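One structure is given here, and the rest of the page talks about it.
Just so it is clear, the structure is predicted and the values come from calculations on it, not from any experiment.
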Amino acid sequence: MSGAAQEEEELPSNYTGPKGVINDWRRFKLDSVDQTTPQTKRELLRQIKVGRHEDESCLKRYRKQCMAEMHERLSFGPKFEYVHELESGEAFLEVIEKEHRLTLVVVHIYQHGVKGCEEMNSCLDCLAVEYSSVKFCRIDAVATGAAERFSSDVLPALLVYKAGELLGNFLAVTKHFNEEFFATDVEGFLNEYGLLPEKEFSACADDEDDGGEVE
């Protein structure tokens, strides 16, 4: 063994010369590998885990915000939820011309004693709850000021408007139904023409189910 090598091996750990500094550095590196590396790995894993949790939380908040914005877009404007009774021809024109341009307006022209008018009123009462963004109205044919145009032969009549434009003009509309008809029949008829928006929820059951099973 050379004298230099022997001298290096015999240097005390607190030797402050160049060779002592090198030895101290070597021991420090060995200690670092043995002690700090696992701790560093644990810290990195903890940071990764925290980062993933934060990402998931951000994603959930983003989704919730998107759902809220979509709901707001789909739920624009006022909610009506009942059938409005129009008392005059002026009220009839006003609801057509002054309602929000995105609001669908369905007007039932009826006359007391005419077959099918009372049943249609009941059906629209139900649909007004299920489609609260649609403004359902009814008016007596005499109150329109144009009773000659709405004789009993063409009643009940359904007129559908949007942004002041007539989208549907269904005279004697009950001819499309069976003698006994329900809200779902009127709903299906309007949907055939693509006139109703997406249904919000079902509020009325068919009258046919009210009595339960028939033995």
Side-chain angles (χ1 to χ4, degrees), residues 73-87 89 91-214:
R73 289 195 298 269
L74 293 176
S75 304
F76 72 92
K79 298 295 182 182
F80 303 103
E81 298 182 342
Y82 66 93
V83 179
H84 297 253
E85 187 76 36
L86 305 177
E87 303 292 344
F92 184 11
L93 291 176
E94 184 175 348
V95 77
I96 295 170
E97 296 174 354
K98 295 186 178 181
E99 196 54 64
H100 191 285
R101 63 182 182 84
L102 296 179
T103 297
L104 190 72
V105 179
V106 178
V107 181
H108 173 214
I109 302 178
Y110 69 95
Q111 185 175 323
H112 293 292
V114 174
K115 184 178 181 180
C117 287
E118 184 178 349
E119 292 83 353
M120 180 60 69
N121 278 332
S122 297
C123 291
L124 296 185
D125 284 337
C126 180
L127 294 181
V129 177
E130 297 185 349
Y131 296 90
S132 61
S133 63
V134 177
K135 188 166 188 176
F136 288 90
C137 306
R138 57 175 167 246
I139 184 170
D140 191 302
V142 176
T144 64
E148 68 281 357
R149 296 181 55 190
F150 297 108
S151 65
S152 59
D153 295 336
V154 300
L155 300 180
L158 286 182
L159 282 67
V160 184
Y161 298 88
K162 192 172 187 180
E165 181 183 354
L166 180 65
L167 303 181
N169 182 21
F170 308 108
L171 304 179
V173 67
T174 51
K175 68 185 178 183
H176 299 283
F177 310 134
N178 295 326
E179 185 173 351
E180 188 178 19
F181 63 94
F182 308 96
T184 50
D185 298 312
V186 180
E187 177 186 31
F189 176 77
L190 294 173
N191 275 328
E192 285 181 7
Y193 291 88
L195 294 174
L196 291 178
E198 184 178 351
K199 193 171 187 177
E200 297 177 20
F201 64 92
S202 180
C204 301
D206 290 349
D207 293 343
E208 1 179 44
D209 297 333
D210 290 347
E213 296 182 359
V214 178

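A distance of 6.0 Å separates CG in Leu102 from NZ in Lys162, rounded to the nearest 0.5 Å. From Arg138, atom CZ reaches atom CG of Leu86 across 9.5 Å, with rounding to the nearest 0.5 Å. Considering CG of Leu127 and OG1 of Thr184, their distance stands at 8.5 Å, rounded to 0.5 Å. The CD atom of Glu165 lies 13.0 Å from the CZ atom of Arg101; values are rounded to the nearest 0.5 Å. With rounding to the nearest 0.5 angstrom, the SG atom of Cys117 is 9.0 Å from the CG atom of Asp140. Annotation: the span from Leu158 atom CG to Phe189 atom CZ amounts to 7.5 Å, rounded to 0.5 Å.
The aromatic rings of His108 and Tyr110 sit tilted relative to each other, their planes meeting at an angle between 30° and 60°.
Residue Val114 comes nearest to Ser152 through the heavy atom pair CG2-CB, 3.9 Å, listed as atom of the first residue, atom of the second, then distance. Residues Pro156 and Thr174 share a closest heavy-atom pair of CG-CG2, 3.5 Å. Phe181 approaches Met120 most closely through the heavy-atom pair CZ-N, 3.9 Å. In this structure, Glu87 and Ala143 approach most closely via the heavy-atom pair O-CB, 3.6 Å.
By the 4.5 Å heavy-atom criterion applied to side chains, Tyr131 and Leu104 are not counted as neighbours. Proximity of Thr103 to Phe80: side-chain heavy atoms (C-beta onward) are separated by under 4.5 Å at one or more points. Annotation: side chain of Val107 is in contact with side chain of Ile139 (closest heavy-atom distance under 4.5 Å). Between His84 and Val95 there is no side-chain heavy-atom pair separated by less than 4.5 Å. By the 4.5 Å heavy-atom criterion applied to side chains, Glu179 and Lys115 are counted as neighbours. A 4.5 Å side-chain heavy-atom check between Val186 and Phe177 finds at least one atom pair inside the cut-off.
Exactly one residue among Glu94, Glu99, Glu81 makes a salt bridge (charged side-chain N to carboxylate O under 4.0 Å, His left out) with Lys135. That residue is Glu99.
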Using the side-chain contact (heavy atoms from CB on, under 4.5 Å) rule, take Phe170 and Val160 through it: C-alpha gap first, then chi angles, then the decisive distance, then the call. CA-CA 9 Å; Phe170 308 108; Val160 184; 4.3 Å; yes

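Applying the 6.0 Å contact sphere to CD of Glu118 captures no more than 12 heavy atoms from other residues, nucleotides or ligands.
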